[in-house]
2 protein chains.
Amino acid sequence: MKSKNVVAALAALAQDARLAIYRLLVEAGPAGLPAGEIGKSLSIPAPTLSFHLAQLQQAGLVTRRRNGRQLIQAAAFDRMNAVIAYLTENCCGGDMSACATVGTVKCTPKSITRAKARKKRMR
Amino acid sequence: MKSKNVVAALAALAQDARLAIYRLLVEAGPAGLPAGEIGKSLSIPAPTLSFHLAQLQQAGLVTRRRNGRQLIQAAAFDRMNAVIAYLTENCCGGDMSACATVGTVKCTPKSITRAKARKKRMR
DNA sequence: TTCATATTTCCATAAACATGGAAATGTTTT
DNA sequence: AAAACATTTCCATGTTTATGGAAATATGAA
């Protein structure tokens, strides 16, 4: 991942409203949320919300698909994980004696494809 | 960690020069680097560098200690880890069936305390 | 104390960003 | 086709941020 893209992603998240939006989408998972719900949830006027969602999308942190008149927004987990990797890369010059790497969790939602397929089968 | 602090940390990193500085410090580990070396390494004029280092410190991502006339800068790993935790928190509403959490590495350098103590003993 | 080195503060300038009303654009329902 | 809904584009406004020269401050060395 290029530095330019990381800066863009960080800049996108470095703002009250957008950070709140992003976290809502992380919580929502691959299913995502329609823009309108986000706006209601956080009390953001439509034009302002639209501006922020565009920023998040341009930064690659959010993807969108249309469902009727709604535009469903979803967090792009891969991109977030790449940003985190970039930030912690080469820690302590890779010297394992100076730097303990401990196991932790990285959010990796199961692709929505399977969930969708399950829903379709249920109809 | 409060949203305000996360925004501050992300804003601090959302800039070419500062991201480069921060990564240099991650690589350097707890030993850190004097401001001057950073400036030379990245070709940043002193006043500009001073401005950026102040931003990083205010955001809590960098700590400083004086060594003679030099000011040694070091990455604040705890803070970075807290920011990452905030960003991935509550993924998929915590629904483990939708969200696979996979083991990865989190940079946790051994405290410099022990290294310092060892050096002192060697004198 | 005088000199050299390291870093900061001061400041002016230029550029980028956030906000939300009004009007425009798609999309579904009647 | 008209009405209703969801979202975007346009735009004027105010705010924040980055940059680096010149001068100030702090620390150590001669």
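Excluded from the calculations below are hydrogen atoms, water molecules and symmetry mates; all remaining heavy atoms, backbone and side chain alike, are included. Numbered from 1 within each chain, the chains take letters A, B, ... in sequence-line order. It should be emphasised that the depicted structure is a prediction, and the values quoted were computed from it without experimental measurement.
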ask   = Is there a donor-acceptor pair under 3.5 Å between the side chain of R23(A) and the backbone N or O of N90(B)?
value = no
inquiry  = For residues Y86(A) and V83(B): do they belong to one hydrophobic cluster (side chain heavy atoms under 4.5 Å, members Ile, Leu, Val, Met, Phe, Trp, Tyr)?
reply    = yes
inquiry  = Under the criterion side chain to side chain contact (heavy atoms under 4.5 Å, CB included), I'd like the reasoning laid out for L61(B) against L25(B): C-alpha separation, chi angles, the key distance, then a yes or no.
reply    = CA-CA 10 Å; L61(B) 289 167; L25(B) 293 178; over 6 Å; no
ask   = Which one, dT8(C), dA18(D), dT8(D), comes nearest to the side chain of R64(B)?
value = dT8(C)
request  = Establish, with yes or no, whether the OP1 or OP2 oxygen of dA15(C) is under 4.0 angstrom from a side-chain nitrogen or oxygen of Q15(B).
outcome  = no
query = For the residue pair G29(B) and C92(A), what are the closest heavy atoms and their distance?
reply = CA-SG, 3.9 Å
query = At under 4.0 Å between heavy atoms, what does A46(B) touch on the DNA or RNA strands: base, sugar-phosphate, or nothing?
reply = base
query = In whole Å, what is the span from the CG atom of L19(B) to the P atom of dA18(D)?
reply = 13 Å
ask   = Within this structure, what is the CG-to-P distance between L49(A) and dT7(D), rounded to whole angstrom?
value = 8 Å
ask   = Should Q55(B) be listed as having a side-chain N or O under 4.0 Å from OP1 or OP2 of dA18(D)?
value = yes
ask   = Using a cut-off of less than 4.0 Å, is there contact between a side-chain N or O of S50(B) and OP1 or OP2 of dT7(C)?
value = no
request  = Could you tell me whether a side-chain N or O of R18(A) sits under 3.5 Å from a main-chain N or O of L13(A), the two making a donor and an acceptor?
outcome  = no
remark   = Winner on side-chain proximity to Q70(A), out of dA29(D), dA6(D), dA26(D), is dA6(D)
inquiry  = Using a 4.0 Å heavy-atom cut-off, does P47(A) contact any base of the nucleic acid, only the sugar-phosphate backbone, or nothing at all?
reply    = base
key: Rounded interatomic separation in angstrom, taking CG from N67(A) and P from dC5(D)   = 18 Å
message = Using whole Å, what does the distance between atom C1' of nucleotide dT19(D) and atom CD1 of I21(B) come to?
response = 13 Å
ask   = Quick one: which of dT27(C), dT19(D), dT7(D) gets closest to the side chain of R66(A)?
value = dT27(C)
request  = Figure out the NE2/P separation between H52(B) and dT19(D), and round it to whole Å.
outcome  = 4 Å
note = Among the nucleotides dT27(C), dG28(D), dA18(C), whichever has the atom closest to the side chain of R69(B) is dG28(D)
